[in-house]
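Predicted model only: the values in this text are computed from it and were never measured. Every chain is numbered from 1, with letters handed out A, B, ... down the list of sequences.
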Protein chains: 2
Amino acid sequence: MEIPPVVIDRLPLYTRALASLEVQGREVISSQDLGTSLGVTPAQIRKDLSYFGRFGKQGRGYNVRKLLDELHRILGLDRQWRMALVGVGKLGRAILGYDGFRSQGFRIVEAFDVNPERVGRRVDNLTVRDATDLEPVLSKNPVDVGIVAVPAETAQDVIDVLIRCGVRAILNYAPIAARVPSGVYVKRIEPVLALQSMTYYLKNRPHAPIPTPRS
Amino acid sequence: MEIPPVVIDRLPLYTRALASLEVQGREVISSQDLGTSLGVTPAQIRKDLSYFGRFGKQGRGYNVRKLLDELHRILGLDRQWRMALVGVGKLGRAILGYDGFRSQGFRIVEAFDVNPERVGRRVDNLTVRDATDLEPVLSKNPVDVGIVAVPAETAQDVIDVLIRCGVRAILNYAPIAARVPSGVYVKRIEPVLALQSMTYYLKNRPHAPIPTPRS
DNA sequence: AAGTGTTTGTGCCCACAATTACAAACTGTT
DNA sequence: AACAGTTTGTAATTGTGGGCACAAACACTT
Ligand SMILES: NC(=O)c1ccc[n+]([C@@H]2O[C@H](COP(=O)([O-])OP(=O)(O)OC[C@H]3O[C@@H](n4cnc5c(N)ncnc54)[C@H](O)[C@@H]3O)[C@@H](O)[C@H]2O)c1
Ligand SMILES: NC(=O)c1ccc[n+]([C@@H]2O[C@H](COP(=O)([O-])OP(=O)(O)OC[C@H]3O[C@@H](n4cnc5c(N)ncnc54)[C@H](O)[C@@H]3O)[C@@H](O)[C@H]2O)c1
């Protein structure tokens with residue numbers, strides 16, 4: 001069956017909430033409670049999950065551990081994923097030092113840069129390699145995901161090389177509309193675009209603090 | 001008229017492409033050409049723009065400069081926006097050092113942290129203030145946008161304080177489902193969730209490089 | 001065992017976003 | 001001035017995703 005991409009995009013959200021519930025020792029959760037904590041309607045959650053099977057129990061709800069396992073399996077989170085970072089600048093170093101990837105099974109196993117000052121230096125248990133070695137290194141030892149944190153001007157070139165190396169998924173921090181062949185998945189991280197759409201709603205509004213009650 | 005949020009989300013994309021075209025000296029662009037460069041159908045672009053007016057000319061297309069001005073006006077990008085950063089850690093420093101915000105009219109005018117080691121130090125022309133001063137400082141000198149780059153555990157508290165200070169838009173880097181009253185806009189930057197949805201498509205696929213033609 | 005209260009899974013309907021299709025408007029050429 | 005070629009703006013159509021509502025299933029109490 002063909003599952004709508006929006007549904008797939010919501011599943012990690014459920015996964016994260018469930019992981020938090022499990023840590024809290026919660027054994028069962030209803031779509032109602034999960035929904036209110038996430039700002040999603042209960043029916044939405046139930047329908048999303050129903051694409052993949054029947055995981056709940058009427059009158060009780062969902063077993064937290066079981067549903068979490070199922071979602072991990074569905075999303076392919078029951079294994080480790082190898083990633084390569086390209087561009088070890090300010091952002092790249094923040095990414096390397098970020099624990100949130102590894103703790104979720106995403107391991108950065110290679111890092112590349114063109115700057116001779118950076119190449120060869122160790123950053124967070126990794127030696128920065130020369131970007132010219134990108135193709136030989138990744139061809140021999142493939143990765144699943146490429147993280148692009150280079151300036152906009154070189155981003156498309158980097159992406160082209162990554163794809164030649166068999167990378168099928170790209171996390172792109174550079175502000176460009178990347179062109180990729182079908183079968184390659186790109187997710188953009190675009191804080192500026194996010195800001196530029198919020199201002200639409202801010203404009204024409206009073207600037208003074210409004211004491212709004214918790215909705 | 002009520003404009004669909006998805007439409008608003010696409011406008012910054014058009015803005016960026018048009019800005020690039022203007023730099024290149026291009027004076028006119030058709031929805032066809034703009035669409036192919038962005039991976040959006042021409043009809044989609046025309047319909048999106050038609051919500052706001054008639055900016056094109058049959059037989060020619062859109063005047064790049066004029067359309068860019070219109071979009072700036074529509075999105076509220078014809079002014080400067082004041083932002084406050086909370087959390088000057090690894091990511092926060094990368095954000096402070098990033099030129100992409102300021103060049104688009106988004107100025108970070110305050111930075112806060114709880115760590116006594118950070119407080120008082122100058123980072124990129126800004127003195128890091130103590131997080132306890134957040135409320136007094138922002139109440140006296142309001143900002144439009146709050147950038148949250150603190151650990152997940154304290155993120156909701158920080159967001160609550162920002163809202164009390166009249167902040168109506170939040171750019172949230174912390175991996176939590178923030179709860180905000182209606183009238184406050186939140187955009188999440190979630191690289192981990194992005195990865196976790198891509199793996200759904202990667203799983204069950206051959207790992208070997210596939211020589212795919214440029215689509 | 002019966003009754004009350006919960007909660008899931010899903011068929012159905014509705015809203016709305018995307019696409020199609022075309023008349024109208026404009027350009028450039030002969 | 002006529003004509004061929006473009007391209008916009010939008011009416012109409014299609015498609016799809018979200019919410020509603022309810023039967024069925026289960027828990028818990030009396
Ligand atoms: N810093 C942020 O908070 C932030 C936020 C959003 C987006 N971005 C984007 O992320 C990218 C990086 O930003 P930054 O602030 O780290 O910039 P930066 O200049 O600090 O780092 C860029 C790094 O990429 C390296 N590089 C350049 N070309 C390369 C190539 N072909 N191969 C490998 N490495 C190469 C440079 O040597 C440099 O080290 C930019 O596209 C920027 O727009 C940054
Ligand atoms: N580093 C990344 O690439 C990255 C990527 C995505 C998301 N994030 C998220 O961004 C946040 C920050 O990540 P980081 O890597 O910079 O962590 P970090 O630990 O380097 O920085 C966090 C900073 O926040 C400060 N802080 C803590 N509580 C505070 C409070 N109440 N008020 C003000 N400041 C406070 C800390 O003193 C510290 O300086 C985290 O939520 C993380 O999950 C980081």
Side-chain angles (χ1 to χ4, degrees), chain A residues 1-15 17-18 21 26-71 74 177 182 197 200-201 215, chain B residues 1-14 17-18 21 26-71 74 177 182 197 200-201:
Chain A
M1 199 200 336
E2 201 59 55
I3 287 130
V6 274
V7 172
I8 304 299
D9 284 343
R10 276 192 296 268
L11 298 187
L13 218 62
Y14 305 156
T15 304
L18 287 166
L21 287 166
R26 185 82 178 261
E27 287 189 1
V28 170
I29 184 93
S30 67
S31 60
Q32 177 70 55
D33 291 353
L34 190 59
T36 42
S37 86
L38 285 173
V40 177
T41 64
Q44 176 100 78
I45 294 176
R46 293 201 299 276
K47 193 163 198 191
D48 285 350
L49 296 177
S50 76
Y51 279 104
F52 304 96
R54 310 170 56 140
F55 307 125
K57 211 177 228 175
Q58 282 102 328
R60 270 184 75 79
Y62 298 89
N63 179 292
V64 172
R65 180 47 176 262
K66 188 191 162 214
L67 184 54
L68 193 50
D69 282 350
E70 294 283 2
L71 285 173
I74 291 163
S182 71
S197 57
Y200 172 80
Y201 300 101
S215 74
Chain B
M1 198 198 338
E2 202 59 55
I3 287 126
V6 273
V7 173
I8 304 298
D9 283 344
R10 275 192 297 267
L11 298 186
L13 218 63
Y14 305 156
L18 287 165
L21 287 166
R26 185 84 177 260
E27 287 189 1
V28 170
I29 184 93
S30 66
S31 60
Q32 176 71 54
D33 290 354
L34 189 59
T36 44
S37 86
L38 285 174
V40 177
T41 63
Q44 175 94 264
I45 294 176
R46 293 202 299 276
K47 189 161 198 194
D48 285 351
L49 296 177
S50 77
Y51 280 103
F52 303 96
R54 310 169 57 142
F55 308 125
K57 210 176 229 176
Q58 282 103 326
R60 270 184 76 77
Y62 299 88
N63 178 292
V64 172
R65 181 47 178 261
K66 188 191 163 216
L67 184 54
L68 193 50
D69 283 349
E70 293 283 3
L71 285 173
I74 292 164
S182 71
S197 57
Y200 172 80
Y201 300 101

| said: Can you see if the side chain of A/R10 gets near the phosphate of D/dG17 - specifically, an N or O under 4.0 Å from OP1 or OP2? | reply: no
| Can you name the one residue among A/K57, A/E27, A/R46 that meets side chain to side chain contact (heavy atoms under 4.5 Å, CB included) with A/Y62? | A/R46
| message | Looking at every heavy atom in both B/A177 and A/L38, which two are closest together, and how far apart are they? | response | CB-CD2, 4.0 Å
| request: Grab the CG-C1' distance between B/D48 and D/dT8 for me, whole Å please. | output: 14 Å
| query | Which residue, A/V7 or A/R54, contacts DNA chain D at a nucleotide closer to its 5' end, judged by nearest heavy atom? | reply | A/V7
| field | Whole-Å gap separating P (C/dT27) and CD (B/Q32) | value | 20 Å
| said: At 4.0 Å (heavy atoms only), tell me whether B/R46 reaches a base, stays on the sugar-phosphate, or touches nothing. | reply: base
| task | Would you state whether a donor and an acceptor, one from the side chain of A/K47 and one from the base of D/dG17, lie under 3.5 Å apart? | result | no
| message | Please report the distance, rounded to the nearest Å, between CZ in A/R60 and P in C/dG9. | response | 14 Å
| Rounded distance (Å) that lies between atom P of D/dC26 and atom NZ of A/K57 | 7 Å
| query | So, is A/S31 close to the C/dT8 phosphate, meaning a side-chain N or O under 4.0 Å from OP1 or OP2? | reply | yes
| field | Nearest-Å distance for atom pair CD1/P, residues A/I45 and D/dC20 | value | 14 Å
| message | Whole angstroms only, please: what is the CG-P distance between B/L49 and D/dT10? | response | 11 Å
| query | Atom CZ of B/F55 and atom P of D/dT8: how far apart are they, to the nearest Å? | reply | 14 Å
| query | If only side-chain N and O atoms of B/Y62 are considered, is one of them under 4.0 Å from the OP1 or OP2 phosphate oxygen of D/dG9? | reply | yes
| field | Straight-line distance of B/L21 CG to B/L68 CG, nearest 0.5 Å | value | 9.5 Å
| field | Distance, rounded to the nearest Å, where B/I3 contributes CD1 and C/dC16 contributes C1' | value | 14 Å
| said: When you measure from the side-chain N and O atoms of B/Q44 to the phosphate of C/dA18, is any distance below 4.0 Å, counting only OP1 and OP2? | reply: yes
| Spacing of CG belonging to B/L13 relative to CG belonging to B/L34, to within rounding of 0.5 Å | 9.0 Å
| note | Side-chain atoms of A/V6 come closest, of D/dG18, C/dT8, C/dA25, to D/dG18
| field | Side chains of A/T41 and A/Q32 in contact at under 4.5 Å (non-hydrogen atoms) | value | no
